Amino acid sequence: MGHTLLCELGLFLLCTFPFNGHAEDAVLTSDPDWSTFFTYESVTFICDMKEGEVTDWEYKIKKDDKEFIPYNSHKTYPLPISSTYDSGNYQCCGRKRSSHDPKCSNVLSLTVSGRPKPTLTPGTTTISVGDTVRLTCSVERSDGWKYEWFRRTSDTSEVHLSTNDGQNKVISVSQGGIYRCRGVRGNPNFNTYRSNEVTIHITFPNKPVLRQQPYWSPTFSGEMITLTCEVSGGESTEWVYEWRRARSVVHHENKKYWKFRASESISGDYDCRRRLRDDSYSSTEWSDSFSLMILESPLSVLTVSPSWLSPGASVTLSCVVQHPSAGWRFYWYKALPDISDKFGSYIKELLPGSIDGTAQDSYIVHGQRDTAGYLCRAGRGDPEYHTVYSNPKFVWSGDFNPSASLTVNPDRGQHFTSDSVSLTCEGNSAEWRVRRFNDTSSLSYCSFWGTMKGSTCNVHEILFSTAVYWCESGSAFSNAVNITGQRDDDIILVSPVHPATEGSSVILGCKLRTENVLSNVIFYKNDTIIQNDPRGQMIISAVSTTDEGFYKCQYSGKESPQSWMAVKSVSRAESSSSLFHVLLIVGLLCGISLIILLLLFCRYKQSKDSCFVRSQSTSQSSATDHMTNQDEAQYNKCAPPPHGDTSLYESIKSPEDAENGAVYSVLRKNESNDVTYSLLELKSITEKGKSAHAAADETVYSEVKPGKSLDQ
């Protein structure tokens with residue numbers, strides 16, 4: 001009764017049940033006497049009738065009340081357990097050979113499970129150098145086990161650990177590595193599966209510090225990154241360095257430096273540690289996390305100042321990298337038009353001193369006169385990483401470029417949006433493109449908003465805003481013009497589209513779509529009224545640089561946009577050219593004077609008695625006689641000079657008729673100081689811009705001091 005109740009409660013997996021009849025006279029036992037068996041183990045049943053000699057009996061085994069082993073002479077029966085189907089209730093029966101009346105034993109309940117896997121439990125998984133940790137191995141709900149232990153590393157194969165001869169259920173270890181165990185029992189030995197793995201780490205006391213060298217934040221996709229894992233002490237030991245991201249080991253390196261190319265996908269927190277080369281589980285702790293932020297490749301942004309040039313001005317270029325960070329060097333380029341490119345790109349030419357980049361983020365271009373385009377980019381690192389090139393930026397000049405110029409027809413700075421305007425390129429090129437830069441910083445060329453025919457861009461609709469237009473050839477930029485578009489029902493200012501030359505006359509007007517406004521117009525300069533009278537025009541008779549400014553007009557409540565009127569002063573080059581012409585004329589006169597003096601001197605030597613000498617001049621077409629002055633030479637004799645001076649005169653008349661004047665040469669000797677003067681009277685030679693009368697009044701004196709007087 002008691003055994004039956006215990007089995008019903010499930011407290012025994014192998015139970016003995018009483019049976020009707022002579023249960024006390026027959027006993028079934030098992031060897032080994034375990035509560036649970038596993039597949040591939042074996043059990044031996046022993047049947048004892050407790051009566052007479054063994055040879056007097058026959059035995060059989062029943063399973064679940066069915067004959068399992070028929071009668072035979074063996075009281076022991078080994079049962080190899082091959083599967084869980086071997087589970088069941090077993091009973092043995094015996095009979096004497098001389099009798100057919102059997103006696104049956106108690107019932108043994110046999111439970112069979114699949115091959116077990118033990119559980120390995122560590123006290124901890126990380127210990128300091130010199131400490132130990134306890135590892136426990138167990139197979140649940142069974143007994144009779146001894147345990148075997150194994151260790152491996154990521155670089156070595158698993159090896160069997162030698163332990164004491166006891167049960168070995170608990171061991172202590174002080175070495176890092178990966179540990180497993182298994183259970184062993186029975187004869188022959190039956191082995192469980194090997195247990196779960198437990199990794200034991202041995203840590204060194206020095207905690208590493210992870211740094212980026214050089215430290216730039218943010219870092220950009222495509223850059224080379226160098227991470228360093230700094231640990232003090234242990235430099236003489238062979239170490240391996242490990243880096244991980246998001247708590248997952250991503251890289252091993254024999255040196256404390258790790259170089260790799262950045263990409264946006266590897267942003268995140270990094271940490272590192274150092275371990276022994278021959279023991280991958282003896283290492284330092286992990287460093288504190290280092291956050292690495294990686295962004296897409298940045299742009300360089302260029303600004304120029306000023307955007308409109310005064311001739312010969314200095315231009316300052318400034319370059320900024322998006323998402324500012326340290327370590328950049330800046331490269332500066334001149335943009336040269338690539339006319340063959342249908343997208344309107346530019347050829348980049350490094351500016352002087354920029355081949356290795358500059359540490360400064362600004363660059364000054366001195367003496368810029370013509371329209372020009374510039375670009376920049378930045379680089380850093382080794383190997384050097386470069387940003388994307390900046391968009392081109394321009395400095396515009398209103399002055400005509402000798403090799404490229406832009407003219408506008410109609411020739412004014414403001415137009416109605418429905419106006420047809422022609423932009424014509426002229427200069428030393430057979431191929432042109434016209435470009436526009438509007439107030440939204442959009443750069444485009446003629447084919448997008450007009451029709452390019454030869455060197456002329458015909459614009460059928462002007463942009464309703466202010467934009468800059470210019471021409472580009474394969475080698476040069478033209479002057480630039482500001483053109484403002486205004487709605488057809490509004491009013492515009494009529495003003496020169498090109499800079500006015502200092503001293504010239506400028507007429508400002510006001511215009512409706514269909515007609516010019518001729519009366520009651522108010523003109524403003526820099527938002528201040530400068531003319532308010534019935535006249536419809538404002539006339540500046542001689543414009544000067546003080547007249548530069550923003551002008552607009554107002555009529556009948558309507559106000560035009562304002563336009564900048566630039567005034568171009570006479571350049572130093574033009575002044576130098578005029579001075580050169582003056583000096584050239586003076587030089588020629590001096591040369592003529594010297595020739596005349598030499599001729600007079602020679603004639604004097606040939607004839608001392610002759611005071612007046614005729615000279616002849618030969619031209620390419622004919623020879624013309626130059627006659628002496630009739631008033632002075634009518635008697636062909638000398639008149640003594642006043643005050644005792646001896647003078648020699650020669651008159652040379654030009655080939656033209658007498659009304660054009662003549663050149664008179666007077667050679668005078670002053671005996672008191674032995675000085676001879678030559679007086680030239682200019683009668684027909686005039687300078688540019690000077691009247692003939694003024695030129696005729698000019699005299700040139702040449703002083704000659706010979707060693708002896710002429711008559712000696």
Side-chain angles (χ1 to χ4, degrees), residues 120 122 124-133 135 149-161 173-180 194-295 381-383 385:
L120 175 56
T124 183
T125 57
T126 302
I127 59 175
S128 299
V129 174
D131 291 345
T132 60
V133 61
L135 305 178
W149 293 89
F150 305 89
R151 176 185 175 272
R152 70 175 180 86
T153 69
S154 58
D155 304 320
T156 62
S157 301
E158 195 169 59
V159 295
H160 184 272
L161 296 180
V173 296
S174 59
Q175 189 178 15
I178 302 172
Y179 289 85
R180 289 198 299 177
R194 301 199 180 191
S195 71
N196 56 296
E197 292 183 341
V198 169
T199 301
I200 302 300
H201 292 283
I202 309 299
T203 61
F204 295 91
N206 299 333
K207 188 175 183 177
V209 176
L210 177 59
R211 294 188 178 93
Q212 180 184 356
Q213 297 291 339
Y215 176 67
W216 294 323
S217 182
T219 302
F220 297 99
S221 181
E223 282 195 273
M224 290 300 298
I225 294 176
T226 300
L227 298 181
T228 62
C229 193
E230 299 285 352
V231 185
S232 60
E235 282 75 9
S236 60
T237 307
E238 293 291 327
W239 298 101
V240 172
Y241 294 83
E242 295 178 339
W243 281 268
R244 67 180 183 180
R245 177 170 55 89
R247 302 290 178 176
S248 177
V249 175
V250 294
H251 185 71
H252 297 84
E253 185 63 63
N254 292 332
K255 297 179 180 180
K256 63 181 179 180
Y257 304 100
W258 179 26
K259 288 187 175 183
F260 58 94
R261 194 171 297 278
S263 67
E264 293 178 78
S265 62
I266 62 173
S267 293
D269 291 338
Y270 286 75
D271 48 12
C272 71
R273 71 179 180 183
R274 184 176 72 175
R275 65 173 175 82
L276 292 173
R277 185 186 300 277
D278 57 355
D279 184 357
S280 58
Y281 301 95
S282 296
S283 65
T284 64
E285 296 180 26
W286 289 100
S287 68
D288 292 333
S289 294
F290 174 83
S291 182
L292 190 60
M293 181 172 64
I294 301 174
L295 303 179
D382 184 17
Y385 167 84

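All heavy atoms count here, side chains included; hydrogens, waters and symmetry mates do not. Because the structure is a prediction, the values reported are computed rather than measured.
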Which class fits the ring pair His201 and Tyr281: parallel under 30°, tilted 30 to 60°, perpendicular over 60°?
tilted
Quick one: sort the Phe290 and Tyr215 rings into parallel, tilted or perpendicular, breaks at 30° and 60°.
perpendicular
Counting only heavy atoms not in Tyr257, do more than 12 fall under 6.0 Å of its OH?
no
Distance-only, no hydrogens or angles: does the Arg151 side chain make a donor-acceptor pair with backbone N or O of Gly176 under 3.5 Å?
yes
With the threshold set at 4.0 Å, does a side-chain nitrogen-carboxylate oxygen contact exist between Glu230 and Arg211?
no
Does the side chain of Leu227 reach to within under 4.5 Å of the side chain of Leu210, using non-hydrogen atoms?
yes
Answer yes when Asp288 and Lys207 have at least one side-chain N-carboxylate O distance shorter than 4.0 Å, and no when they do not.
yes
In the structure I gave you, are the side-chain heavy atoms of Leu135 and Trp149 within less than 4.5 Å of one another anywhere?
yes
Indicate the ring-plane relationship of His251 and Trp243, choosing parallel, tilted or perpendicular according to the 30° and 60° boundaries.
tilted
Please check if the distance between the ring centroids of Phe260 and Trp258 is under 6.0 Å.
yes
Tell me, please, which residues at least two apart from His252 pass ring pair (Phe, Tyr, Trp, His ring centres under 6.0 Å).
none
From Arg277, Arg274, Arg273, residue fulfilling salt bridge (charged side-chain N to carboxylate O under 4.0 Å, His left out) relative to Glu242
Arg273
Could you tell me whether Trp216 and Tyr385 have their ring centroids closer than 6.0 angstrom?
no
